[in-house]
Amino acid sequence: MNKLTARIDKERLLLGLAAPLLALVAAIVVTTLVILATGKNPGAAFSDMLTYGTASDSQVYILNKATTYYLAGVAVAIGFRMNLFNIGVDGQYRLAAFIAAVLGGALTVPGWIAIPLIILCAMATGALWAAIAGILKVTRGVSEVISTIMLNSIATAVIAYLLQPGKLAELQSGGTVVSTTPLPKDSYFFSIDTGPAGELWGFIVIAALVGVAYWFVLGRTRFGFDLRTVGQSESAAAASGVSVKKMVATSMIISGAVAGLIGMPTLLNDSHQFSNDFPAGIGFTGIAIALLGRNHPVGIALGALLWGFLERTTNHLEFEGYDKEILGVIQGVIVLCVVIAYEVVRRYGLKRQQQRVGAELAAQAAAPTEKQEVA
Amino acid sequence: MRRVAKLSAACIASAALALTATACGSTSSEEDSSSSTTDGGKGVKIGIAFDVGGRGDRSFNDSAARGADKAKEEFGGEIKELTAKSSDTEADREQRLSDLADAGYNPIVGVGFAYAASIGKVSAKYPKVSFGIIDSVVDAKNVNSITFTEEQGSYLAGVAAALKTKKNHVGFVGGVDTPLIKKFEAGYAQGVKDTKPGVKVDVQYLSRGTDLSGFSSPDKGKEAASGMLDNGADVVYAAAGSSGNGAIEAVNGVKGAWAIGVDSDQYNIPGLAKYKSSILTSMVKNVDVGVYDFVKSVHDGKPLTGVNNYSLAKDGVSLATSGGFIDDIKPQLDAAKKKIVDGTIKVKTTP
């Protein structure tokens with residue numbers, strides 16, 4: 001029996017690795033075909049991606065981007081683990097970053113007080129915005145997919161209304177950029193100077209901590225167990241005494257709080273203000289990354305790094321004369337391949353399991369008859 | 001077992017494909033790098049970082065592209081173009097500009113205010129390279145800030161709209177409610193009101209705040225313009241990047257209605273030739289002049305720096321006369337232009 005479980009675990013590991021690898025290989029093949037179709041040399045493109053993407057300044061860029069993407073991936077994954085599609089991560093982080101930027105610009109306290117306050121404010125804003133969808137779901141049964149999409153638009157409108165000169169923002173010189181009051185220098189988050197390669201954002205530490213907390217809470221606590229149970233079967237969870245409604249609301253709020261962190265690396269390490277060119281759409285990137293990483297803390301990190309790598313290198317591909325749309329194609333193909341590959345591998349694993357169980361039962365059934373015959 | 005064999009065969013086949021692809025890559029990349037070291041030398045190497053939409057938006061970016069093309073024709077050399085994506089972050093814009101600077105391009109032009117912050121940073125890193133920024137102001141020694149008085153040109157567009165409307169009802173479609181586009185709206189509305197106080201002006205923005213999609217969504221432009229036309233407007237001015245193409249298309253579907261183009265002389269844009277009978281005029285923003293002047297100054301060894309404002313007085317903005325649809329109201333337009341130039345009319349920059 002021991003031998004059997006060991007074999008299953010090994011096989012499960014192999015299957016787990018097979019899916020993302022299969023997806024990546026398939027994505028590379030499709031991308032190759034697309035580049036060939038545009039009349040360019042795919043080999044040169046891939047080798048340029050490799051050499052350019054591994055340069056030291058590219059590494060810093062990728063890590064900085066991945067910091068933001070990792071937080072986005074985790075925020076989405078928390079919902080996914082419990083079968084909640086928090087499409088609203090996008091609106092949650094933008095609103096959170098905006099409110100936190102306003103607060104940060106107004107604070108005059110020393111940095112060691114201001115920075116935690118800004119971060120907490122962002123988490124609270126994200127949590128509150130997500131809570132609206134959570135409460136609507138548990139009290140009125142509104143699908144969180146619909147409500148969070150709508151809340152995204154409302155967040156955009158709220159920001160557009162408040163981000164006006166004379167309200168919570170000011171017009172910068174040149175008269176084209178509106179932004180909140182810049183944070184005082186004291187409120188900048190620390191960053192690691194890597195010389196000519198650029199500055200590595202210190203927020204990567206927070207992102208790593210969030211990853212550890214995500215792993216611990218989901219895998220090692222009662223709460224995490226309840227959350228996963230609800231995700232797998234609501235009725236089973238309810239039967240074992242878990243309040244499903246409470247879990248839905250709580251996990252939505254936690255997802256929103258983590259979503260609130262997404263804008264923080266940019267705000268505290270880079271832009272130091274919220275302006276009308278603050279990056280948008282990262283919440284949707286987070287969905288792709290959570291899918292790619294199978295909601296696993298390490299998987300999401302790999303997905304985030306891959307995304308950063310792709311953006312960095314395809315930016316340079318455009319410089320080399322390839323079409324800039326290649327990035328979108330590669331990303332789309334990867335996500336599609338991942339979804340398909342996981343399903344293929346899951347079904348394959350299921351079949352293998354059924355076959356093995358069948359074979360075992362057959363062997364058990366066959367064993368006594370054999371003896372009878374001998375006797 | 002057969003399935004395992006099939007699956008692994010598929011894996012190996014695709015991996016092999018991928019491997020062959022990378023294997024042949026190493027040689028051609030060497031060719032690539034050797035060819036890139038030999039080029040250059042004569043003329044100017046112009047690097048252009050376009051805003052979302054890029055070359056071919058028939059509007060703002062195209063105007064910048066024309067300026068660069070003209071400079072290239074005259075001085076020789078080459079142009080390297082990179083284009084922004086709507087999902088860009090600051091780091092992407094910095095990378096784009098740094099890539100250009102690293103490859104020896106000089107001057108480098110950032111088209112659009114989105115590049116303001118990144119040009120500020122990158123220009124400090126490459127003090128020997130001349131940078132140009134359009135529609136914004138960057139305070140650095142090696143940066144030329146190219147700005148335009150859009151509100152003055154839009155005022156004239158407003159005068160033309162007021163004189164041409166038969167239903168006393170006109171519309172304005174803005175791409176995104178940024179301060180820049182509000183300058184267009186403010187000037188337009190003022191021009192309309194000063195000419196015919198009774199004319200109603202509908203205003204609609206396609207996207208707001210941080211959502212910049214309104215500059216590159218012809219479908220949204222078409223919808224907004226159709227809405228205004230249904231509402232009774234018969235002249236629509238669209239300042240919305242490539243979304244304006246949609247607005248022009250919508251106006252073309254309604255008899256007697258006029259569209260006013262923006263940035264480029266859209267009557268003469270081949271891609272819009274189908275609709276040109278509906279294009280009353282265009283508020284031309286001579287970004288090409290700004291870009292050309294800048295490239296020329298670098299070519300002459302005396303790069304422009306500081307703020308260079310291209311106003312109505314300097315013909316930085318103007319109304320296009322192609323098609324001859326506004327020839328009959330020329331006296332009124334000239335009178336308005338004269339009043340703006342001599343300062344009798346002060347055009348507002350905010351609505």
Side-chain angles (χ1 to χ4, degrees), chain A residues 18 21-22 25-26 28-29 32 41-48 50-51 57 61 64-65 68 94 98 156-165 171-178 266 270-271 274-282 285 311-312 315-316 318-320 324 327-328 344 348 351-352, chain B residues 3-4 7 10-11 14-15 17-18 20-29 31-32 54 80 82-83 85-96 98-100 103 112-114 116-117 133 135-139 145 147 176-180 183 205 207-212 307 349-350:
Chain A
L21 278 181
L22 194 71
V25 170
I28 289 173
V29 171
T32 307
N41 179 356
F46 288 128
S47 78
D48 177 73
L50 268 184
T51 46
D57 55 336
Y61 170 103
N64 286 346
K65 276 246 163 165
T68 303
R94 280 186 284 124
F98 172 64
T156 307
V158 168
I159 296 170
Y161 177 75
L162 292 174
L163 190 73
Q164 300 276 359
L171 198 58
Q172 291 191 340
S173 68
T176 40
V177 176
V178 210
T266 310
D270 186 32
S271 68
F274 190 99
S275 53
N276 47 1
D277 55 5
F278 200 81
I282 296 171
T285 312
E311 292 197 348
R312 176 71 178 180
N315 274 349
H316 191 254
E318 191 200 356
F319 188 84
E320 293 288 324
K324 66 176 188 303
L327 170 68
V344 166
Y348 170 75
K351 230 171 217 161
R352 289 272 295 162
Chain B
R3 274 169 205 287
V4 181
L7 195 73
C11 277
S14 40
L17 251 173
T20 49
T22 41
C24 69
S26 58
T27 53
S28 46
S29 89
E31 279 164 27
D32 258 338
K80 184 65 152 185
L82 298 177
T83 307
K85 305 183 294 287
S86 44
S87 61
D88 269 353
T89 59
E90 205 43 46
D92 295 303
R93 291 186 277 263
E94 277 168 34
Q95 182 195 352
R96 208 167 285 131
S98 306
D99 276 350
L100 289 169
F113 61 82
I133 173 85
D135 279 351
S136 194
V137 174
V138 175
D139 192 19
S145 304
T147 58
V176 185
D177 66 339
T178 58
L180 176 71
K183 280 161 93 179
Y205 284 94
S207 71
R208 292 181 175 275
T210 50
D211 176 9
L212 300 182
V307 180
T349 54
T350 49

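Chain letters run A, B, ... following the sequence lines, proteins first, then strands; residues in each count from 1. All values derive from a computational prediction rather than experimental measurement.
For A:E318 against B:T83, the heavy-atom pair with the smallest separation is OE2-N, 2.7 Å. Closest of all the heavy-atom pairs between B:L100 and A:F319 is CD2-CE1, 3.7 Å.
The distance from the CD atom of A:E311 to the NZ atom of B:K85 is 6.0 Å, given to the nearest 0.5 Å. With rounding to the nearest 0.5 Å, the separation of OG1 in A:T156 from CZ in B:R208 is 11.5 Å. Within the model, atoms CD of A:Q164 and CG of B:D177 stand 5.5 Å from one another, a figure rounded to the nearest 0.5 Å. To the nearest 0.5 angstrom, A:L163 atom CG is 11.0 Å from B:T178 atom OG1.
In this structure, chain B has a heavy atom under 4.5 Å from the side chain of A:Y61, while its backbone stays farther away. Proximity to chain A involves both the backbone and the side chain of B:A91, based on heavy atoms less than 4.5 angstrom apart. With a 4.5 angstrom heavy-atom cutoff, A:F274 touches chain B only via side-chain atoms. Heavy atoms closer than 4.5 Å to chain B are found in both the backbone and the side chain of A:R312. Interface residue A:S275: only backbone heavy atoms are found under 4.5 Å from chain B.
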*Chi angles and distances behind the side chain to side chain contact (heavy atoms under 4.5 Å, CB included) call for A:T266, B:E90*: CA-CA 9 Å; A:T266 310; B:E90 205 43 46; over 6 Å; no
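Side chains of A:N276 and B:P179 form a contact here, defined as non-hydrogen atoms less than 4.5 Å apart. Contact of the B:Q95 side chain with the A:D57 side chain is not registered, since no non-hydrogen atoms from C-beta on lie closer than 4.5 Å.
In terms of heavy-atom pairs under 4.5 Å with chain B, the best-connected choice from A:A160, A:G328, A:A45 is A:A160. Chosen from B:T350, B:T89, B:V176, B:T349, the residue pairing most often with chain A at heavy-atom distances under 4.5 Å is B:T89.
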